[in-house]
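What you are looking at is a predicted structure, and each value in this text was computed from that prediction instead of being measured.
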Amino acid sequence: MSQPKMTRCAENPIIAPAANWWENQFVFNPAVVEWEGMVHMLYRAHGDDHFSRFGHAWSADGVSFERDPHPVLEADISDPMERLGIEDPRAVALEGWVYATFTVASVYGVCAPQERRSASEPPWRVRVSMARTQGFQTWERFGIVLPGIDSKNAVLFNRKIGGRYVMLHRVAPDICIASSDDMRTWTNHGPIMSPRDVNHWDFKRIGSGPPPMEVEKGWLLFFHGIDRHHTYRCGAALLDRDDPSKVVARLDDWLLEPQAEFEQQGWIGNVVFPTGCIERDGLYRLYYGGADKVICSCTIPRAEVEEALYAAM
């Protein structure tokens, strides 16, 4: 069978930089979660100070959003681990809370000597952090949950599996899995999915997109892949329902690639970066950052992507 493709929302980009000083340069890479009858979005924003923080938007239909004029979550600049800001949130509704996983960024100057990179590598580091909320204005911070690991693109599963909480994250270039009893102390169990050969669209690096979505035969994972020309695309894989460290299917081709101007030109060009997803009326609605400048949306029939994955098992 032919592989399906995503259809872009006619209203794209659905959120663009605004006049507010903290989000007037770039808005991108949104976490999306359905909560109390609304679609809520937590998105990364950059403004005049070139610092990364999170804004909040909400919508009844998942397309037309209202926005809070103020940021709702910011880095703790007194913490050297967050000195370059917070980035790229993902969100799930779990046990009466909205949990957000995100990246905190810093420089290697505060690392132990054994953690420092060579002079030829970028002088920065990233760690996975977590917070939770019930109203998007007040947040309980968990701090770094995977200490000592240069990691990002963390996503939580929306229920326990085998009696433990489960998270996917990216230790370049692979997608890895971790688990926890209490959401605070996590054990990293290593890679579950790796880039493919040089001829594939996901050759250079891969990373989780939105949190996995439970389907009939497992967990649907939308993910991003980067090719040798540094173009970001979106694909899909299927993880085992009871042991999500097992990848049971992976589509060969991409579902979405940069084609529109707002995906090809921006802060970083040729990027579609999926980070949020909801399911309504038989459609998956995916939310993604376009060229690290705007927020966009696209859809794909649920039956089409699931049938393609089941055929690939």
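Judged purely by atom type and a 3.5 angstrom limit, R44 has no side-chain atom pairing as donor or acceptor with the backbone of A31. Formation of a donor-acceptor pair under 3.5 Å by the D174 side chain with backbone atoms of C176 is not found in this model. At least one donor-acceptor pair closer than 3.5 Å links the side chain of N12 to the backbone N or O of S297. S59 places a side-chain N or O within donor-acceptor distance of the main-chain N or O of S64, the cut-off being under 3.5 Å. Checked by atom type and distance alone, the side chain of S151 never pairs as donor or acceptor with a backbone atom of H169 at under 3.5 Å. Without hydrogens or angle criteria, K5 side chain to W254 main chain gives a donor-acceptor distance under 3.5 Å. Judged by distance alone, with hydrogens and angles left aside, the side-chain atoms of D240 form no donor-acceptor pair with the main-chain N or O of K246 at under 3.5 Å. With hydrogens and angles disregarded, no donor-acceptor distance shorter than 3.5 Å links the side chain of Y232 to the backbone of A291. Between the side chain of S129 and the backbone N or O of F102, no donor-acceptor pair lies under 3.5 Å. Under a 3.5 Å cut-off, the side chain of E82 and the backbone N or O of D79 do not form any donor-acceptor pair.
F28 is not listed as a side-chain neighbour of V271, based on a closest heavy-atom distance of 4.5 Å or more. Between D227 and R233 there is a side-chain heavy-atom pair separated by less than 4.5 Å. For the pair L283/E279, no side-chain contact is recorded, criterion being any heavy-atom separation below 4.5 Å from C-beta on. Within the 4.5 Å cutoff, the side chain of S179 has heavy atoms near those of the H189 side chain. At least one side-chain heavy atom of V215 sits less than 4.5 Å from a side-chain heavy atom of Y310. Contact annotation: the side chain of W219 approaches that of N158 to within less than 4.5 Å [non-hydrogen atoms, C-beta and beyond]. Looking at heavy atoms from C-beta onward, F65 lies in side-chain contact with I14 at the 4.5 angstrom threshold. A heavy-atom distance below 4.5 Å is found between the side chains of W22 and R53.
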Is there a side-chain hydrogen bond (donor to acceptor under 3.5 Å, both in side chains) between H46 and N24 once you walk through the steps? CA-CA 7 Å; H46 285 234; N24 60 12; over 6 Å; no
Candidate pair K217 and E306, rule salt bridge (charged side-chain N to carboxylate O under 4.0 Å, His left out), full reasoning: CA-CA 9 Å; K217 297 184 180 182; E306 290 177 16; over 6 Å; no
Set out, in order, the CA-CA distance, both residues' side-chain angles and the distance that settles side-chain contact (heavy atoms from CB on, under 4.5 Å) for Y284 and M213, then state yes or no. CA-CA 10 Å; Y284 287 120; M213 304 185 74; 3.8 Å; yes
I would like to know whether M167 and M130 meet side-chain contact (heavy atoms from CB on, under 4.5 Å); could you show each step before the answer? CA-CA 11 Å; M167 173 198 297; M130 187 186 300; 3.8 Å; yes
Would you sort out whether W201 and F223 count as a ring-ring contact (aromatic ring centres under 6.0 Å, His included), showing the intermediate values? CA-CA 12 Å; W201 61 272; F223 67 96; 5.5 Å; yes
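Classified by interplanar angle (parallel below 30°, tilted 30° to 60°, perpendicular above 60°), the ring pair F26/W267 is parallel. In this structure, W58 and H56 have tilted ring planes: the angle between them lies in the 30° to 60° band. Ring pair F136/H40 is parallel by interplanar angle, where below 30° counts as parallel and above 60° as perpendicular.
Partners of D202 under the salt bridge (charged side-chain N to carboxylate O under 4.0 Å, His left out) rule, at least two apart in sequence or in another chain, are R196, R250. Considering only residues two or more places apart in sequence or on other chains, R228 meets the salt bridge (charged side-chain N to carboxylate O under 4.0 Å, His left out) condition with none of them.
When all heavy atoms of N29 and I295 are compared, the closest pair comes out as N-CG1, 4.5 Å. Considering every non-hydrogen atom in both V27 and A45, the closest pair reads CG1-CB, 4.1 Å. The shortest non-hydrogen separation linking R280 to A60 is NH1-O, 2.9 Å. Between N188 and A178 the shortest heavy-atom distance is CA-CB, 3.9 Å. Considering every non-hydrogen atom in both S245 and I177, the closest pair reads N-CD1, 3.8 Å. Contact between P244 and I161 at its shortest, heavy atoms only, is CG-CD1, 3.8 Å.
Separating the CD atom in Q264 from the CD atom in E257 is a distance of 8.5 Å, to the nearest 0.5 Å. Rounded to the nearest 0.5 Å, atoms CH2 (W139) and CG (L42) are 4.5 Å apart. Taken from CD1 in I300 to SG in C277, the straight-line distance is 10.0 Å, to the nearest 0.5 Å. Rounded to the nearest 0.5 Å, atoms OG1 (T103) and NZ (K152) are 5.5 Å apart. Taking CG from L251 and CG from L255, the interatomic distance works out to 6.0 Å, rounded to the nearest 0.5 Å. In this structure, I206 CD1 and H200 NE2 are separated by 11.5 Å, a value rounded to the nearest 0.5 Å.
Cluster membership for V39 and M41, using ILVMFWY side-chain heavy atoms within less than 4.5 angstrom, is shared. When the side chains of ILVMFWY residues are joined at heavy-atom separations under 4.5 Å, either directly or via intervening members, V272 and F203 end up in two distinct hydrophobic clusters. Under the 4.5 Å side-chain heavy-atom criterion for grouping Ile, Leu, Val, Met, Phe, Trp and Tyr, M313 is connected to L220 within one hydrophobic cluster. The hydrophobic cluster containing I86 does not contain W21, counting ILVMFWY residues as joined when their side-chain heavy atoms lie under 4.5 angstrom apart, directly or transitively. Under a hydrophobic clustering in which Ile, Leu, Val, Met, Phe, Trp and Tyr are joined whenever their side-chain heavy atoms come within less than 4.5 Å, directly or via other members, V92 and V166 fall into different clusters.
At a threshold of 4.0 Å, the pair D281-R285 does not count as salt-bridged, since none of the basic side-chain nitrogens sits closer than that to a carboxylate oxygen. Using a 4.0 Å cut-off between charged side-chain N and carboxylate O, R159 and E214 make a salt bridge. Using a cut-off of 4.0 Å between Lys/Arg side-chain N and Asp/Glu carboxylate O, D181 and R164 are scored as salt-bridged.
Residues N270 and H229 have side chains that never bring a donor and an acceptor to within less than 3.5 angstrom of each other. Judged by distance alone, the side chains of S106 and R83 never bring a donor and an acceptor atom under 3.5 Å apart. In this model, a donor atom of one side chain and an acceptor atom of the other lie less than 3.5 Å apart for Y288 and E263. Checking Y99 against E140 by side-chain atom types alone, no donor-acceptor pair falls below 3.5 Å.
For the side-chain contact (heavy atoms from CB on, under 4.5 Å) with V171, the lone residue among D150, N153, I149 that qualifies is I149.
Counting non-hydrogen atoms of neighbouring residues, nucleotides and ligands closer than 6.0 angstrom, the CD atom of Q259 exceeds 12 such neighbours. For D182, the CG atom sits in a packed shell: over 12 heavy atoms of surrounding residues, nucleotides or ligands are nearer than 6.0 Å. The 12-atom threshold is not exceeded at NE2 of H70, counting heavy atoms of other residues, nucleotides or ligands nearer than 6.0 Å.
Stacking of K160 on the aromatic ring of Y165 is recorded, both the 6.0 Å distance cut-off and the 45° axial limit being met.
For the salt bridge (Lys or Arg N to Asp or Glu O under 4.0 Å) condition, the pairs that include at least one residue of residues 62-73, sequence neighbours left out, are E23-R67.
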